[in-house]
Protein chains: 2
Amino acid sequence: MFNAMAQRLQELMVLFFLAIFSKAVAGLKPYARANITPDTAINNYCLSWRLAVETNNVRGWRTVPVQCLRYIEAYMLGGQYERDVEFITEQILSYVSGIDLADDGLDAWILDVDDTCISNMFYYKGKRYGCDPYDPAGFKAWALMGGCPAIPPVFRLFRNLVETGFKVFLVTGRDQETLGQATVDNLHSQGFIGYERLILRTASYKGQSAVTFKSDIRRQLVEEGYRIWGNVGDQWSDLQGEFLGNRTFKLPNPMYFVP
Amino acid sequence: MFNAMAQRLQELMVLFFLAIFSKAVAGLKPYARANITPDTAINNYCLSWRLAVETNNVRGWRTVPVQCLRYIEAYMLGGQYERDVEFITEQILSYVSGIDLADDGLDAWILDVDDTCISNMFYYKGKRYGCDPYDPAGFKAWALMGGCPAIPPVFRLFRNLVETGFKVFLVTGRDQETLGQATVDNLHSQGFIGYERLILRTASYKGQSAVTFKSDIRRQLVEEGYRIWGNVGDQWSDLQGEFLGNRTFKLPNPMYFVP
């Protein structure tokens, strides 16, 4: 009896280990279509959506698809957003290291501000990561607090550019009159010191698209004699239009679209 | 002895079920940083790489990072590539449906050929999905066979464009002299019938970049009076330069880069 029991137990254990082992092996496969759960299907959809947004295939979108709330939250908080920004920053630094600067002080670089230098992620957390529509009053109140944290890899890029001798221009669609001081304070408190100019949207550009406003600012810089080597932003409207610079770099932002 | 044995077996079974159940529950979480295995770390890296490539942040790359071989294989074969193409095609069709065509027959659309209309995935499978460097002779031999299958969502777009009344121009960097007939045969065999012109690279464009060659072709079409409403390609070199058209759409291709 004892022997029979022991043998049965041994058989059962072998079966269980086989079951667990096969599960573990399945887990190592890069893809297993049989495993698609509703969650996986939504994640796959949201990955397609995010790719389409980041490649500028989807334009003029007002809100994140509500079924992607958890996906975008996971993207922003789970590490992949940081990894994506880090990866692009490494590419930028590699490009920067190959540039020979002239000694006329006219080698320029353009950085956007919101979600390029400093992050609005905490604000957008309260807006369901962009599932809620844009709220101008809410965003103004947030920006006035001046509490946007630096985005670490971009801050590192900023320091590198300034130390290398680039004239760094921070160009933002934020309204100069109402948000100028708060933006300066926010940037300084986060260590953004040593830039050449912070250029905000003045009254004459009110109502103009970011593409028009930013193209015009870049045109003025080029007319002043600056050579724009790089132009970094989280919105395609930072990187389209005229006088784009020698290279543009798109940082990820799946939370909102600025036309 | 029998009872003690049965009880021990029962305890073991409870433990095994708990282990399996906790594994299943963990699988439902959208993100779980504690679960990061070397495989996950590589996948995360390759996802960043793919995003950077598709957004044109990484340029002039010659091969897929070899650690991403399994990731890219999974992307191409596991369904996400198809979903991404499908998603973008839906966006394009939505844009198309809002266009009012004139009755002068000058409403035009541009499609690239390789990995836009027809797929080279089977060829690139043999080149480790782009982990091996570009092999001009190998690709020529493959293209001469004329066996590239249509990419189904893009074929659907093509049919829609032709039926709607657009003049569809297929513009490809393939060499006219050596690959012209094979390309025509391949496209026809896959149902691409009814396009206005197939434009291949003639001797005069030999050695020119795709941006220069394709810009010049588009310029000629615009000079003929055509209005380019849309321009679809898997390479940024299809979508940069001049006379780009009213909208451009980037299809995914993480396997190779055409300058």
Side-chain angles (χ1 to χ4, degrees), chain A residues 1-2 5-6 8-9 12-13 16-17 19-20 23-24 27-33 35-37 39-45 47-52 54-59 70-71 73-75 77-80 83-88 90-92 95 236 239 247-252, chain B residues 1-2 5-6 8-9 12-13 16-17 19-20 23-24 27-33 36-37 39 41-45 47-52 54-59 69-75 77-80 83-88 90-92 95 236 239 247-252:
Chain A
M1 181 58 120
F2 177 78
M5 200 66 205
R8 179 84 193 117
L9 178 59
L12 270 168
M13 289 188 70
F16 275 119
F17 279 121
I20 287 165
K23 235 181 133 66
L28 290 176
K29 276 191 202 162
Y31 49 101
R33 300 195 79 169
N35 269 346
I36 291 182
T37 63
D39 257 23
T40 310
I42 290 172
N43 281 348
N44 290 343
Y45 171 84
L47 182 56
S48 287
W49 179 82
R50 182 163 71 83
L51 181 72
E54 296 296 0
T55 52
N56 206 23
N57 284 323
V58 179
R59 302 181 189 180
R70 286 180 71 197
Y71 172 87
E73 182 182 39
Y75 174 71
L77 301 185
Q80 194 61 33
R83 280 188 289 271
D84 287 350
V85 175
E86 182 67 44
F87 189 98
I88 297 161
E90 288 304 315
Q91 298 295 320
I92 303 173
Y95 165 65
W236 279 101
L239 313 174
R247 278 286 299 263
T248 61
F249 295 93
K250 170 71 175 76
L251 296 180
Chain B
M1 182 61 120
F2 178 78
M5 202 67 202
R8 181 81 194 122
L9 177 60
L12 270 168
M13 289 187 70
F16 276 119
F17 279 121
I20 287 165
K23 234 180 132 66
L28 291 175
K29 277 191 204 163
Y31 50 102
R33 299 194 79 173
I36 290 183
T37 63
D39 257 25
I42 290 172
N43 282 347
N44 291 343
Y45 170 84
L47 182 55
S48 287
W49 179 83
R50 182 163 71 84
L51 181 72
E54 296 295 1
T55 51
N56 206 22
N57 284 322
V58 179
R59 302 181 188 178
L69 167 58
R70 288 179 71 196
Y71 172 87
I72 298 295
E73 182 183 39
Y75 174 71
L77 302 184
Q80 194 61 32
R83 280 188 289 271
D84 287 350
V85 175
E86 182 67 45
F87 189 98
I88 296 162
E90 288 304 315
Q91 298 295 321
I92 303 173
Y95 165 67
W236 279 101
L239 312 174
R247 277 287 298 264
T248 61
F249 295 93
K250 170 72 175 77
L251 296 180

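Please read all numbers here as calculations on a predicted model, not as lab measurements. Every chain is numbered from 1 and lettered A, B, ... according to where its sequence line falls, protein lines coming before strand lines. What you see below is based on every heavy atom in this structure, not just the backbone, and it leaves out hydrogens, waters and symmetry mates.
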Segment of [X] engaging chain B (4.5 angstrom heavy-atom cut-off):
X	answer
Phe87(A)	side chain
Trp49(A)	both
Leu47(A)	both

Problem set entry | Worked check of side chain to side chain contact (heavy atoms under 4.5 Å, CB included) between Lys250(A) and Asn57(B) | CA-CA 7 Å; Lys250(A) 170 71 175 76; Asn57(B) 284 322; 4.0 Å; yes
For this session: Can you see which heavy atom on Thr55(B) is nearest to which on Glu54(A), and at what distance?
Result: CG2-O, 3.2 Å
Exercise. Looking only at heavy atoms, which two atoms of Ser48(A) and Gln80(B) are closest? And how far apart?
Worked result: OG-NE2, 3.1 Å
Flag the one option from [options] with the top tally of heavy-atom pairs under 4.5 Å to chain A.
options	answer
Asn56(B), Thr248(B), Val85(B)	Thr248(B)
Leu51(B), Ile92(B), Leu251(B)	Leu51(B)
Arg59(B), Arg50(B), Glu86(B)	Arg59(B)

